[in-house]
Amino acid sequence: MKQSIKPSYTLHKNFRLPMGFSPENFDSGFTYQAQARDTFIVTYPKCGTTWTQHIVWMLSHDGKPLPLDKNINLEVPHLEEVGSDFVKSLSEPRFIKTHLTYDLNPYNPDSKYIYIARNPFDCAVSFYYHTQGFIKHYDFAEGTFDDFFECFINGEVDCGDYFDNLLSWVQHKNDQNVLFLTYESMKNNPKINIIAIAKFLGDNYVEKVQNTQILESILHHTSFTSMSQNQSRWSSQRPPNMTPFIRKGKVGDWKSHFSVSQTQRLSQKLRMRTAGTEAENLWQIPE
Ligand code: A3P
């Protein structure tokens with residue numbers, strides 16, 4: 001039988017960090033004091049973070065797309081990756097990406113939090129290709145989906161357990177400073193969701209989307225087709241033989257990756273972990 005392979009991580013306290021990520025920056029991220037004008041884009045990895053980062057960037061730049069010589073992660077930085085000082089160096093209002101659970105995320109009652117959830121099946125597949133492709137961070141180029149699935153379902157991946165993250169935020173989905181969206185709803189109706197984000201951010205942003213040209217520009221430049229172009233804007237480089245960072249952008253891609261038994265196991269976990277919570281009806285659970 002083929003031996004299973006696991007991604008490599010830097011173990012730091014109770015966390016797995018991608019190799020090469022700085023534990024000092026990670027620790028410093030927790031010391032960041034959330035400011036009243038901050039908006040956090042919070043996700044479990046692979047649930048639509050970059051897409052949402054680009055939407056908020058365009059909303060705050062009059063509908064202009066991120067130029068080719070910029071990287072979104074310097075504009076809307078990942079707190080745990082860059083640390084507190086980098087984020088503090090940005091002018092306000094700040095947009096900040098995190099993958100933290102509600103309790104660990106810097107909190108200010110006047111800050112805003114946009115949480116994007118994605119069904120765990122597609123998330124697992126997307127996270128697999130992410131982990132396989134960033135060779136220097138995970139040394140998992142030869143890893144199979146079956147290998148990764150075991151790590152994912154046991155929460156033994158960077159950013160921790162999918163369900164811990166989702167359940168921590170879904171309890172706050174109706175808080176006045178939380179906007180809770182799903183990847184599937186964004187795919188189904190991007191316009192409604194872009195407008196919802198603008199409304200949540202406030203009147204200045206509503207004015208932007210009332211301008212048809214700006215709204216159409218945001219819709220166009222944040223579409224999957226458009227974001228698939230010039231991908232150096234979204235992440236560090238991946239080897240050319242690996243899948244691109246903006247990969248498929250589909251709902252239901254999991255069906256061509258999961259075995260019957262994997263489907264049953266993740267469905268059972270989803271059912272058990274979400275029973276009686278606000279998350280239980282977010283997605284139809286496969287049999
Ligand atoms: P897939 O791997 O399923 O294609 P994150 O930014 O949180 O890492 O999420 C990455 C996932 O979001 C990838 O999913 C990526 O293709 C998808 N994605 C990125 N931009 C998108 C867009 N504009 N529209 C739809 N999906 C997008």
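Every number for a ligand or one of its atoms is a count from 1 in the order of the listing.
In this structure, the side chains of P18 and T10 stay at 4.5 Å or more apart for every pair of heavy atoms. Side-chain atoms of L201 and F95, non-hydrogen and from C-beta on, do get closer than 4.5 Å to each other.
Ring orientation note: the planes of F26 and H12 are nearly perpendicular, at an angle over 60° on the 30°/60° scale. Using cut-offs of 30° and 60° on the angle between ring planes, the pair F21 and H137 is perpendicular.
The nearest heavy-atom contact from the protein to atom 19 (C) of ligand 1 is I246 CD1, 3.5 Å. The protein atom (non-hydrogen) at minimum distance from atom 16 (O) of ligand 1 is R247 N, 3.0 Å. The shortest contact between atom 23 (N) of ligand 1 and any protein heavy atom is with T222 O, 2.8 Å. Counting only heavy atoms of the protein, atom 6 (O) of ligand 1 lies nearest to T50 OG1, 2.5 Å. Nearest non-hydrogen protein atom to atom 7 (O) of ligand 1 is T49 OG1, 2.4 Å. Protein heavy atom closest to atom 13 (C) of ligand 1, with residue, atom name and distance, is S126 OG, 3.6 Å.
Between P45 and ligand 1, a contact under 3.5 Å exists for no N or O pair. For ligand 1, none of its N or O atoms has an N or O atom of D122 under 3.5 Å away.
For the residue pair D158 / H99, no side-chain donor-acceptor distance below 3.5 Å is found, with atom types taken as modelled. Side-chain contact, D147 with S4: no donor N or O sits under 3.5 Å from an acceptor N or O.
Taking a cut-off of under 4.0 Å to the non-hydrogen atoms of S223, the atoms of ligand 1 that pass are 23 (N). Interface of K248 with ligand 1, defined as ligand atoms under 4.0 Å from a residue heavy atom, comprises 4 (O), 16 (O).
Summarising the contacts of atom 24 (N) of ligand 1 with W51, W234, Y44, the nearest heavy atom is found in W51.
Ligand 1 does not have K250 within reach: every non-hydrogen atom of the residue lies 4.0 Å or more from it.
The proximity of R118 to ligand 1, defined as any non-hydrogen pair under 4.0 Å, is limited to the side chain. If you look at Y183 next to ligand 1, the close heavy atoms, those under 4.0 Å, all belong to the side chain. In C47, the part holding a heavy atom less than 4.0 Å from any atom of ligand 1 is the backbone. Of all the heavy atoms of K46, the ones lying under 4.0 Å from any atom of ligand 1 are found in both the backbone and the side chain.
The residue from N165, T182, T43 that alone fulfils the side-chain hydrogen bond (donor to acceptor under 3.5 Å, both in side chains) condition with Y115 is N165. Remark: of the listed residues F149, F152, Y129, F121, Y129 is the sole one forming a ring pair (Phe, Tyr, Trp, His ring centres under 6.0 Å) with H257.
Cluster annotation: L90 is connected to L74 through the hydrophobic network of ILVMFWY side chains, with a link wherever side-chain heavy atoms come within less than 4.5 Å.
Surrounding CD of Q268 are at most 12 heavy atoms belonging to other residues, nucleotides or ligands under 6.0 Å away.
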